[in-house]
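Quick one: the structure is below, and I'll ask about it shortly.
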Amino acid sequence: MREAGSGAKPVVSGLATILLAVLAANADGQGVSDKTLSLPRQPLPRPAAGASVVDPVFGTTITRLTDRTNSGGYATQVYSQLQAFSPDNAYVILVEDDDTVVRRTADRSLVGGLAAVVWNAPRWQPTQTRTIVHYDGNADTTLRVQYTTVDPVATSTIFTFPVLYERVMPNQSFDELSRDGRWMAGAATLSTGDANIFALDLQNLTLGAEISISGLYAGPCPRDPQWGEVDPDWIGMSPLGTYLMVQWARDGTDRCSGLESFDPVTGAFVGRVYDGHQHGDLGVLPDGTTEFFMTFEISSTANPSQPGIGYRVLPGPATVAAPVYLTSLAWGGGHISCQGPHGVCLVSYGEWPGDGWTPFEKEEFLQFTDGSVLRLAHHRSSECGYWVQPRGSLSRDGSRAMFASDWADEGGGNGCGDSALGEGEAYVITVPNLVGTCGDGQATWAEDCDGDDDTRCPGLCLSDCTCPAPICGNGIVEAGETCDGSAAANCPGACQSDCSCPVVTCPNGTCDAGESASSCAADCGCAAIGACGQEAPSGCYCDAQCAGEGDCCPDACAACGNGCAPTATPTPTPTPQAPPPPTPQATPTLTPQATATPQATAGAGEFCRTPGLAIPDGSGPVDDVLTLGGGTSIVDLDVRLEISHGWVGDLSAWLRHDSTGTERRLLARSGYPAAGYGCGEPDVEAWFDDEGVWAAEDECQSPAPAIAGDVLPFDALAAFDGEAADGAWTLRVGDSESEYAGTLDRWCLRLATSGAPPATPGPAPSATPSSGGECGNAVVEGAEQCDAGADNGGPRSCCASDCSFKPDGPASCDGSTCTGGDVCTGGVCTPGSCTTGAVCGLCGTTCTITNGACRCG
């Protein structure tokens, strides 16, 4: 067992030198802009309520706003996506001991007389300095929107919904208004039993879009096999009021998945911004017109083995918008607030235990959309519960950043005590002046230009440090233009009269202006084509012409489907990329999130690898690749893991289909964070199956294996359904803590497919095995029909010891003697049914059937 202090962070070498350099650079309290420095926290006593301290690493000033923990309570801002500060920064909305309160920032005093106990989803009206907009308390079946002013306190109803509307759905409706104060959005239950997503025009006091959730599932949205109609996670307006945004509580590119954009007036679907539901926020780029969603991406271009921060532009296409990667991070998890000025978001980041201090760990920092950062302070929170997660919120003018903390990093304990949600206080960072001074000749992120310091409108800077409205025809590509005359990098010589590039039609068999070898790879799939004669993947198109006719993808060949002859040099098949690590661990939200579980389908083919691969102890993950031939479509996929490891709470695992880029996390540290280290029992021998009964994250059996039987994966494997089964599949396994090493002994894919079963791994086998392969190396080579490595000839495999298929007939080929009636057919294992009372060879106990699933013990 681990000792209580074994997870402590080591002090980095050269720390004194680093700190001296940082302190010297930040004597003026301007924070740290270097992305590469690992900056361990330095001791800083917790200030008294109302007192300020200076962060010894970043030089910024932190003020403690509240004093509730002395009486066993807590106080914090509501959420990172909500604006804590009133438009003039004179007041803040807080949650204190489950009650909504308003405090004056000048003296921290409470505003009395508020009837906040009967409010739902309160937030500041951005255009009225002392007004809170909220729904009523759902005490009756009349739904109202109300305004409450502070100092003096007065409440008035400004809009009553039609009689069909009964009660607001508070969590889904708890998001910001558009920044002009006009639009708000939410969801409400109806007297019919249905629920509507809606947009409300607060200026004209009229309902805009009204979208029936049941109507969506009766139309374009597939119902979830387990949950049926999955409700939204949150609903809000885009900052400029252009789109009604709906974040669904399930991932994917099907309708009613990911983050979708709708027209706020008509309710028409516009596009999908994101195919996940990580923590993030909506913002506006510095151009003042382009809206985005910033979130934690599962990998970054700077370091694909780590997550990163990126943004995706609204409204998105029919499937999903492409990310713009900004900053690579170590694993940690956190929250994002883009409620401040254009082009900047506040990030509250956590930690990844066991890897030493890394840049941005346990920090509050500003992430700019140009990729730069400004690191502000260590939040010093244990993050043990929801109310002590930092969840920073940035003020509208960017001058203040509020966060929550129990300051436990200074005291060795945490603020959770008897409360799982924690007991913390609200703190405010005074953000260094980022706006700059117009006329000083130095353009800042908040200025378009400043004199000659100008990259956006050279020589055209106005006296207020803004660029003039674009003038089409002046030969300068300005904000809002994609080209101007011949000045266009993306469509040279083809600029249209409105200073836009021609619409590129892909595919149309023509190399349009704006298409190139690189753009065609992104837009038409050209890069997916392999050697000449190799069939292109399903759905691959390319606007290549024949050789010598102005090819935009000159190495494409006839396999693309456009009828052109191959060029002299075919495009090589791209090397599959290693899968990125898992999505950062999500912090609790106010709304439980459903997990999609696809319907099981009968029929299966099983393909295994026995790599015996060592899993590095407490360091980088390892990969193993299984390659399948054939071209059938996946109907259902299960994954078997057999891992020898002394402490399964250290383990995480992911599966990636390299041909499509689809990746799902199977295991994410079972039992974590109990006592900080998760399940302390050994070994994994389980099928990860969307039809499993027990969640792998909750399994910790004794005696070993700790995770056994049929278990639910961390991410639903339904994401692979409909993809072609052929290609490379990469399994990645990582160990997050030191002290216990392990081995990836064996892993399998069990596929149900449409059409013929998928081909066996490797090249097509001959009828009779012959020389040309190394039988027993787990790689199908030469004339081998199969090669299951150490399992060749064993009871778990349909492959004989000479790498030929075993004769068709009864077998015990699915790896578990809990099932009977297994059959080998053409080298493919068809599992039988569970046999109650049999002895399970994998765990040494008898088999039982629980909730229709076979389980050891």
Identify the heavy atoms of V711 and A696 that sit nearest to each other, and give their distance.
CG2-CB, 3.9 Å
Considering only heavy atoms from C-beta outward, does the side chain of L244 approach that of I235 to under 4.5 Å?
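Yes - at least one pair of side-chain heavy atoms lies under 4.5 Å apart.
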Here's a test for you: under side chain to side chain donor-acceptor pair (under 3.5 Å), which of R732, R746, R609 qualifies with D624?
R609
Just by modelled atom types, is the L240 backbone N or O under 3.5 Å from a matching donor or acceptor in the E291 side chain?
yes
Looking at H279, is its backbone amide N or carbonyl O close enough to the side chain of T295 to form a donor-acceptor pair, meaning the two atoms are under 3.5 Å apart?
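Yes, because the side chain of T295 sits within donor-acceptor range (under 3.5 Å) of the backbone of H279.
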Hey, is the main chain of G392 close enough, under 3.5 Å, to the side chain of S348 for a donor-acceptor pair?
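Answer holds: yes.
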Would you say D224's side chain and V230's backbone share a donor-acceptor pair under 3.5 angstrom?
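Such a contact is absent between D224 side chain and V230 backbone.
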Kindly say whether E699 contributes a backbone atom to a donor-acceptor pair with the side chain of S670 at under 3.5 angstrom?
yes
Going by distance alone, is a donor N or O of one side chain under 3.5 Å from an acceptor N or O of the other, for D231 and Q172?
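No.
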Does a side chain donor of either S212 or D194 reach within less than 3.5 Å of an acceptor in the other side chain?
yes
Can a donor-acceptor pair be found, under 3.5 Å and without considering hydrogens, that links the side chain of T189 to the backbone of R167?
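Yes, the answer is positive, given that a donor and an acceptor are paired below the 3.5 Å cut-off.
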Short question: side chain of S238, backbone of Y243 - any donor-acceptor pair under 3.5 Å?
yes
I need the minimum non-hydrogen distance between A728 and V625, along with the two atoms involved.
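What the structure gives for the nearest pair is CB-CG1, 4.0 Å.
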Hey, does the side chain of S328 reach the backbone of G308 with a donor-acceptor pair shorter than 3.5 angstrom?
no
Do M245 and F293 have side chains that get closer than 4.5 Å, going by heavy atoms?
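No, every pair of side-chain atoms sits at 4.5 Å or beyond.
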Check: D175 side chain, G236 main-chain N or O, donor-acceptor pair, under 3.5 Å
no
Take E697 and R669 through the salt bridge (Lys or Arg N to Asp or Glu O under 4.0 Å) test and state the conclusion after the steps.
CA-CA 7 Å; E697 301 308 295; R669 304 193 65 185; over 6 Å; no
Let me see the working for L666 and L717 under side chain to side chain contact (heavy atoms under 4.5 Å, CB included), right down to the final yes or no.
CA-CA 8 Å; L666 305 171; L717 299 174; 3.7 Å; yes
Flag the pair L177 / W183 as yes when at least one side-chain heavy-atom distance between them is below 4.5 Å, and no otherwise.
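A side-chain contact is absent here, since even the closest heavy-atom pair is not under 4.5 Å.
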Quick one: do L259 and V246 satisfy side chain to side chain contact (heavy atoms under 4.5 Å, CB included)? Show the steps, please.
CA-CA 6 Å; L259 177 59; V246 180; 5.9 Å; no
Hydrogens and angles aside, do Y165 and N196 bring a side-chain donor and acceptor to less than 3.5 Å of each other?
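The answer is yes; a qualifying pair exists.
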When you measure from the centre of the six-membered ring of W687, is the NZ or CZ of R750 closer than 6.0 Å and no more than 45° off the axis?
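Positive - R750 is close enough to the ring of W687 and near enough to its axis.
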Determine the minimum heavy-atom distance between G734 and I615, stating which atoms define it.
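Closest heavy-atom pair between G734 and I615: C-CG2, 4.4 Å.
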Is it true that a side-chain atom of R312 and a backbone atom of A322 form a donor plus acceptor pair closer than 3.5 Å?
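Absent.
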Where do S261 and F269 land on the side chain to side chain contact (heavy atoms under 4.5 Å, CB included) test, with the steps shown first?
CA-CA 6 Å; S261 307; F269 172 77; over 6 Å; no
Taking all atoms of both residues into account, what is the closest heavy-atom pair of S80 and I336, and its distance?
OG-O, 3.4 Å
Quick one: does L749's side chain get under 4.5 Å of W729's, heavy atoms only?
yes
Within the structure provided, determine whether L282 and F292 are in side-chain contact (heavy-atom separation under 4.5 Å).
no
Side chains of M169 and Y135 in contact at under 4.5 Å (non-hydrogen atoms)
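Answer no - side chains too far apart.
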Applying side-chain contact (heavy atoms from CB on, under 4.5 Å) between F720 and each of D636, V635, L637, report the one that passes.
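Single pass found, and it is L637.
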Taking the six-membered ring for Trp, are H335 and Y79 parallel (under 30°), tilted (30 to 60°) or perpendicular (over 60°)?
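Ring orientation of H335 relative to Y79: perpendicular.
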Minimum heavy-atom distance L346-S393, with the two atoms named
CD2-N, 3.6 Å
For P307 and Y349, which heavy atoms make the closest approach, and how far apart are they?
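Looking at all heavy atoms of both residues, the closest pair is CG-OH, 4.2 Å.
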Would you compute the distance between atom CD of E176 and atom CE of M184 and round it to the nearest 0.5 angstrom?
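It is 10.0 Å, given to the nearest 0.5 Å.
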Verify whether one side chain among D623 and T730 offers a donor that lies under 3.5 Å from an acceptor in the other.
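Absent: no donor and acceptor within the cut-off.
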Cation-pi check for Y386 against R391: NZ or CZ below 6.0 Å from the six-membered ring centre and within 45 degrees of the axis, yes or no?
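Yes; both conditions hold, so R391 lies above the ring face of Y386.
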R656 vs T662, side chain to side chain contact (heavy atoms under 4.5 Å, CB included): CA-CA, chis, key distance, verdict:
CA-CA 6 Å; R656 177 185 173 92; T662 304; over 6 Å; no
Between Q367 and T327: side-chain donor-acceptor atoms closer than 3.5 Å:
yes
Run the numbers on W248 and E260 for side-chain hydrogen bond (donor to acceptor under 3.5 Å, both in side chains), then give the verdict.
CA-CA 8 Å; W248 298 93; E260 293 185 326; 2.9 Å; yes
Check: L329 and F296 side chains under 4.5 Å, non-hydrogen atoms
yes
Check: R223 and E229 side chains under 4.5 Å, non-hydrogen atoms
yes
